[in-house]
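Take a look at the structure below.
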There are 2 protein chains.
Amino acid sequence: MNENRHLTMKDIARELGVSVATVSRALSDSPSISRERRLAIQQYAREHNYFPNIIAEQLRHSRRNPSHAIGVIVPELVHYYFSSILDGIEGEASARGYQIMVAKSNESYEREVQICEAMLKNKVCGIIVSQAKDTEQYDHFKHLEAAGVPLVFFDRICPALNASRVVVDDYMGTLNAVSYLISTGCKRVAFYGAPMNMMIAKNRYNGYRDALYKNGLEVDESLVRICDNRADAERITPAMMRMENRPDAFFAVNDETAIGILTVVKRLGFSIPDDVSICGFTNGFRATVCDPMLTTVEQRGTQVGKEAADILIGLVEGSLPADHAEKRIVKTRLVIRGTTRHL
Amino acid sequence: MNENRHLTMKDIARELGVSVATVSRALSDSPSISRERRLAIQQYAREHNYFPNIIAEQLRHSRRNPSHAIGVIVPELVHYYFSSILDGIEGEASARGYQIMVAKSNESYEREVQICEAMLKNKVCGIIVSQAKDTEQYDHFKHLEAAGVPLVFFDRICPALNASRVVVDDYMGTLNAVSYLISTGCKRVAFYGAPMNMMIAKNRYNGYRDALYKNGLEVDESLVRICDNRADAERITPAMMRMENRPDAFFAVNDETAIGILTVVKRLGFSIPDDVSICGFTNGFRATVCDPMLTTVEQRGTQVGKEAADILIGLVEGSLPADHAEKRIVKTRLVIRGTTRHL
DNA sequence: TAAATAAATGCAATCGTTTGCGTTATCCAA
DNA sequence: TTGGATAACGCAAACGATTGCATTTATTTA
């Protein structure tokens, strides 16, 4: 019937013997079109389910109105935290009339650059991004800014760019969690952190260190390890537990790592939390599945996503000045469960 | 400098004293432009980082070429299976030069309709969708098809529409899993399923029933429950275990439910898998976190997503006829872990 | 009855590209 | 000198919608 062509105003105009301009005005309820003609046109459009071509609309308005598509770049998709982020962004975006366009970088710098290009071509109105781990050049981000596409970073921040960002309070989150471990009587708290080239890793380490200091404890380097996944945790933890002066608590950079520790500690016959306390960071699916359930720092990805979308839309719509770098910090919350002793 | 305006061909043309057509041809390496002019134009464009306006390109080509944006509608985002789906779609799409536009329906019919409208307006070239639970009208999908936007369903299928689809082999997956439970010596296998208005629920139930029959067992209705989440599982399982003729195995419609069962069964002092076997469906994050680790049917969301994207792109690019309804079934795989006895 | 006013509609430019076709310039052969 | 190729470029229409301005028609007023 419509042979894969969309119905256009021109078609309606031809069919009803009026001009395209009249159709346009009628459909936008302009009072300058007579009532009967207006209704006739609207009815015809409805019956043949006419749909405005947004491409043409956008082209026409490209000077004034930006598009309503927000680009989102995440390192991974199958990942609790990033899913939550997406969820938060989607919620805020859809509530304010925006669509989201999602791509994953796979932790690859090259892919990240490609994605930026593709998104620029697709005329997203702005981009929310958590960098890939191996990104150390920032030209692609600078190009975007030069092209007038606002950028909001989350989680993994680009220090070289004074861009808007929203991060969780890694420092305080860790400080509070470790302080809690100490307050329940733990004296030797181990720390499994991510590689220190990421801000987020540094901040968590600093939180750990300061929690010890504030409680009159020293940092024992033999209790600090670079380890941010389960496999590594299962590999290095046995040796840790066989030390003569073994830890009586673990703080892990994420839940996944914490689960690795928990698995090993249980297998070695220690009791949790009596012999060993464990605290994670995320509060994802895993936290309530393990036995005992995991005490962890809630990272509130949904809130982070929501704030990021709010900033971006503010930048796009002008309620935030374009050259302003808005920086927000989302507070974390310690969720106490079974892997830690009680006060 | 560029005062928020993008550099256009017209700008280049003016600056270099040629026509817009010449610029266009030069940038697309047309041989009809003299070598020096071509290089000069290309260099100017590069130096001032010119970027073609995809909106205008699309408008020009809208008759022949569809856009390269694929719409994806999922009921939830913070969900292992749907994350995997997204991951599969994104992988296939980006490899073939497509972007994905994601929205979540929140299991709401109303929202689903809104999203379809928005995506139609945004001129996606096609849509991949898993319906919301409460969707029982299909006009919005029919409108899309009428507008020439191909549709691919996954997981939750719309029976009223003869559309392309990709589903996992729920029937065989369940049949194999339950058969395995029986082969390890279980005689009374309970079944926790989703509400039967979803195809996926029916197929799994049929798989369960036929596995019993094939092994000479009868369906005992007291062992069959509608239950597809953890909270419900924790609520109804204690009574189940206190029956005089209690089950010696559970098959659950998803891992989450299986974890609920596992938690209760352990708390009641039964030993897993000696007293009770448990089998889930998904093989997500949870499966390797619980103790013992969960035997489960791997749902292969990434593969499902990949196939769905493959079909959709085929439909869009014409390698699949537009009126053809491609139906694919992704095979599942039983992953045997600690919650079931060995042979 | 003519002029002024108001109401309803059409014309045409515009957004940034692409592309069929026509135009100009250049050169060579007849 | 003229005709015909060929190369290099420009013109202008098109994609589908919006909108300032001009135009037409109907209505009112003097």
B/Ile55 CD1 to C/dT18 C1', in whole Å, measures 16 Å
What are the atom names and distances for every N/O pair under 3.5 Å that joins the protein to nucleotides 22-28 of chain D?
none

Tell me: CD of B/Glu57 to C1' of C/dT19, nearest whole Å? 14 Å
Just how far, in rounded Å, is P of D/dA7 from CD of B/Glu36? 16 Å
Once you round to the nearest 0.5 Å, how far does CD1 of A/Ile70 lie from CD1 of A/Ile89? 7.5 Å
Assess the side chains of B/Gln42 and B/Asp29: does a donor N or O sit below 3.5 Å from an acceptor N or O? yes
Is the shortest heavy-atom distance from the side chain of B/Arg328 to the side chain of B/Arg165 under 4.5 Å? no
Side-chain donor-acceptor pair present, B/Thr302, B/Ser84, cut-off under 3.5 Å: no
With no hydrogens and no angle check, just 3.5 Å: does a side-chain donor-acceptor pair link B/Ser105 and B/Ser108? no
Pairs: protein N or O with nucleotides 7-10 of chain C N or O, under 3.5 Å:
residue, atom, partner, partner atom, Å
C/dT9, OP1, A/Arg37, NE, 2.1
C/dT9, OP1, A/Arg37, NH2, 3.2
C/dT9, OP2, A/Ser34, N, 2.8
C/dT9, OP2, A/Ser34, OG, 3.0
C/dT9, O5', A/Arg37, NE, 3.4
C/dG10, OP1, A/Ser19, N, 3.3
C/dG10, OP2, A/Ser19, N, 2.9
C/dG10, OP2, A/Ser19, OG, 2.9
C/dG10, OP2, A/Thr22, OG1, 2.2
C/dG10, O6, A/Arg25, NH1, 3.3
C/dG10, O6, A/Arg25, NH2, 3.1

Distance alone, cut at 3.5 Å: any donor-acceptor contact between the side chains of B/Ser30 and B/Ser32? yes
Aromatic plane relationship, A/Phe153 with A/Phe141 - under 30° parallel, 30 to 60° tilted, over 60° perpendicular: perpendicular
What is the distance from CG of A/Leu59 to C1' of D/dT19, rounded to the nearest Å? 15 Å
Close side-chain approach of B/Met101 and B/Val72, heavy atoms under 4.5 Å: no
Tell me the interatomic distance from B/Arg60, atom CZ, to D/dA13, atom C1', rounded to whole angstroms. 8 Å
Axis deviation across the helix from C/dT1-D/dA30 to C/dA30-D/dT1, five-pair ends, to the nearest 10°: 80°
For the pair A/Lys306 and A/Asp87, find out whether any cationic side-chain nitrogen is under 4.0 Å from an anionic carboxylate oxygen. no
For residues 305-330 of chain B, pull every pair meeting ring-ring contact (aromatic ring centres under 6.0 Å, His included), keeping only residues two or more places apart or in separate chains. none
Taking protein heavy atoms under 4.0 Å as touching, what does nucleotides 23-28 of chain C look like 5' to 3' if B marks base contact, S marks sugar-phosphate-only contact and - marks none? ------
Describe, in one word, how the ring planes of A/Tyr81 and A/His79 are oriented to each other, choosing from parallel (under 30°), tilted (30 to 60°) and perpendicular (over 60°). perpendicular
Are any of B/Tyr50's side-chain N or O atoms less than 4.0 Å away from OP1 or OP2 of C/dG16? no
Please determine if a side-chain N or O atom of B/Lys10 lies less than 4.0 Å away from the OP1 or OP2 oxygen of C/dC15. yes
Have a look at A/Ser94 and tell me which of B/Gln114, B/Lys104, B/Arg111 forms a side chain to side chain donor-acceptor pair (under 3.5 Å) with it. B/Arg111
For B/His140, give me all partners under side chain to side chain contact (heavy atoms under 4.5 Å, CB included), at least two apart in sequence or on another chain. B/Tyr109, B/Glu112, B/Val113, B/Cys116, B/Thr135
Can you tell me how far P of C/dT17 sits from CZ of B/Phe51, to the nearest Å? 12 Å
Between P of D/dT18 and CG of A/Asp29, the distance in whole Å: 13 Å
About how many Å separate CG of B/Asn162 and CG of B/Asp323, when rounded to the nearest 0.5 Å? 10.0 Å
Please state how far atom CD1 in B/Ile41 lies from atom C1' in D/dG10, giving the value in whole angstrom units. 12 Å
